[in-house]
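In what follows, a single structure is set out as C-alpha cells and then discussed.
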Protein chains: 2
Amino acid sequence: MRIGQLAQLVGVETQTIRFYEQQGLLPPPDRQDNGYRVYTEKHGEWLAFIRRCRILGLSLAEIHELQSYQDDPHQPCTAVNALLDDHISHVRSQITALQALEKQLVSLRASCNDDREVEACGVLAGISEGNMHQQ
Amino acid sequence: MRIGQLAQLVGVETQTIRFYEQQGLLPPPDRQDNGYRVYTEKHGEWLAFIRRCRILGLSLAEIHELQSYQDDPHQPCTAVNALLDDHISHVRSQITALQALEKQLVSLRASCNDDREVEACGVLAGISEGNMHQQ
DNA sequence: ATTGACCTTATAGTAGCTTTATAGTTTTAA
DNA sequence: TTAAAACTATAAAGCTACTATAAGGTCAAT
C-alpha cells in the first residue's frame, strides 16, 4: 500500500502521514526500489489510532505517551487513565473559561445598538474603559 | 516612559510590546539618542486596549480591524457590532464542540477502572476500536 | 513522446507570542 | 572608580500541528 492509498483509507493528507513519521508517531515503513513508501495494514491501524486521539483533542506529545504505554502492555493502566483524566479536566476548564468569556462578550454587545457612530460605540467604549472584572 | 515601565504598567513582557509594534498594532514611539523607545500615556491606553481585546479572545487581525474603525470615528459602528457578533458565535460554537468532546471523553473514561494492565485497558481499547460516532 | 497522476525531499507559512543569542547602555553597589 | 546588575537593542529560532509551495523523480497510458 502506497502513501496515497493509506491517506485515502484513513482520511488524511499524505503530508500529514510523512509529518507523523518525522515526528516519531508512525514507524517508518519499508521503501520500494524507487524510494516510495510501502505501508502495511498495521500502519493503517496505527495511523487511525493517532487520528482518533487527535479528534479527542490529545496533543502529539500525549499520543506519544500513550504509545509508550502500549509498548509495555503488562504495566498497570493507571497512567493511561490519569492522562485521560487530566485531559478531561483541561477540556472542562476550557469550557468554563469560554462560558465566562461568552457572558462578557454578550454584555459588551448589549451596550451598543447599531445606530451610532464609531466615536460613540458602546462596544468600543466598553473595551476602552476596561471595566472588565474578569477571572 | 521606557519599555520596561510600560510593560509593568500594562502587565505584559517587553518583547510583546515590540512584537505589537512590529505587527503594526502599536504605533512606533519616539527614540532617545541611544535608541531606547520612549512611550507616552497614550501608548499605555493603546496597549491596554490591545490586551483587553486579546483577553476577549479577539485575534490580532480583528484588533487591527477595530483600530481601523477607530481611525474613522464618524462612520456608523455597525461593523464593530458585526465583528463582535461574529466572535460571539465563534465562541459559542467552540463551547458546543468542547461539550460534545467532554461527553465523549467521559464515556471513554468510564470504560476502564484503574485495575487493569495496559493490554486490557478499556480506554485504549475504546480509542483503538474507533466506535467514535462523532460529528 | 508527452501528459497526468503519483511519489520524493526540503523549505516556508500559519498565530501569537516566547526564547535565545549577541551586544550596547545605564544604574547601582563596593 | 570600576565592576556587576539591570535594562535596552536587534535578529533569529522555537513552539503546535499541520498545510502549502517548490522542484524534481517515477510510472502508466495515450
Side-chain angles (χ1 to χ4, degrees), chain A residues 1-26 28-39 43 46-67 83 86-87 90-91 94 97-98 101, chain B residues 1-26 28-39 43 46-67 83 86-87 90-91 94 97-98 101:
Chain A
M1 190 196 256
R2 293 192 314 197
I3 198 169
Q5 296 168 268
L6 178 62
Q8 197 170 16
L9 186 68
V10 181
V12 299
E13 306 239 358
T14 56
Q15 301 103 308
T16 306
I17 296 176
R18 294 192 197 99
F19 173 72
Y20 288 154
E21 178 183 334
Q22 183 200 318
Q23 297 297 304
L25 286 168
L26 194 61
D30 288 340
R31 300 283 184 131
Q32 291 177 349
D33 291 347
N34 56 16
Y36 288 15
R37 291 172 175 83
V38 191
Y39 292 98
H43 282 96
W46 286 326
L47 181 54
F49 180 84
I50 295 170
R51 288 312 297 178
R52 285 191 288 260
C53 286
R54 292 292 300 128
I55 287 167
L56 292 173
L58 298 176
S59 69
L60 299 192
E62 287 168 324
I63 296 170
H64 216 88
E65 202 179 326
L66 287 183
Q67 290 177 337
L83 190 153
D86 281 356
H87 187 57
H90 179 229
V91 168
Q94 273 185 212
L98 283 173
L101 179 58
Chain B
M1 191 198 257
R2 293 194 315 197
I3 196 168
Q5 297 168 267
L6 178 62
Q8 197 169 18
L9 185 68
V10 180
V12 298
E13 306 241 357
T14 55
Q15 301 101 307
T16 306
I17 296 175
R18 294 191 197 99
F19 173 73
Y20 288 153
E21 178 183 333
Q22 184 200 317
Q23 298 296 306
L25 287 168
L26 194 62
D30 287 340
R31 302 281 186 131
Q32 290 177 350
D33 291 347
N34 57 15
Y36 286 16
R37 292 171 175 81
V38 191
Y39 292 97
H43 282 96
W46 287 325
L47 181 55
F49 180 85
I50 295 170
R51 288 313 297 178
R52 285 191 287 260
C53 287
R54 292 292 301 130
I55 288 168
L56 292 173
L58 299 176
S59 68
L60 300 192
E62 288 169 324
I63 297 170
H64 216 87
E65 202 180 324
L66 288 183
Q67 290 178 337
L83 190 155
D86 281 355
H87 188 56
H90 179 229
V91 167
Q94 274 186 210
L98 284 173
L101 179 59

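Reckoned from all heavy atoms, side chains included, excluding hydrogens, waters and symmetry mates.
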B:Gln23 CD: over 12 foreign heavy atoms closer than 6.0 Å: yes

Length of the line joining B:Glu21:CD and D:dT10:C1', which is rounded to integer Å: 12 Å

Contact letters for nucleotides 13-21 of chain D, in which S counts primed atoms plus P, OP1 and OP2 and B counts the base, heavy atoms under 4.0 Å: ----BBSB-

Upstream residue (5' side of DNA chain D) when A:Tyr36 and B:Tyr36 are each assigned their closest nucleotide: B:Tyr36

Rounded distance in Å - CZ (A:Arg2) to P (D:dG25): 18 Å

Member of A:Leu47, A:Leu9, A:Asp30, A:Ile3 meeting the side chain to side chain contact (heavy atoms under 4.5 Å, CB included) criterion with A:Tyr39: A:Ile3

Rounded distance (Å) that lies between atom C1' of D:dA12 and atom CZ of B:Arg18: 14 Å

Side-chain donor/acceptor of A:Gln67 to backbone N/O of A:Leu25, under 3.5 Å: yes

Crowding at CD, B:Glu65 (>12 non-hydrogen neighbours, <6.0 Å): yes

Contact check, side chains of B:Leu66 and B:Ile63, non-hydrogen atoms, under 4.5 Å: no

Polar side chain donor-acceptor pair, A:Arg51 to A:Tyr20, under 3.5 angstrom: yes

Spacing between A:Asp33 atom CG and D:dT26 atom C1', to the nearest angstrom: 12 Å

A:His87 (side chain) donor-acceptor with A:Ser59 (main chain) under 3.5 angstrom: no

Heavy-atom contact window of chain B on DNA chain C, given 5' to 3' at under 4.0 Å: C:dG16 to C:dT26

Nearest-nucleotide 5' precedence on DNA chain C, A:Gly35 against A:Gln22: A:Gly35

Residue pair B:His64 / B:Gly24: nearest heavy atoms and the distance that separates them: CE1-O, 3.3 Å

Short side-chain N/O contact from B:Arg37 to OP1 or OP2 of D:dT10, under 4.0 Å: yes

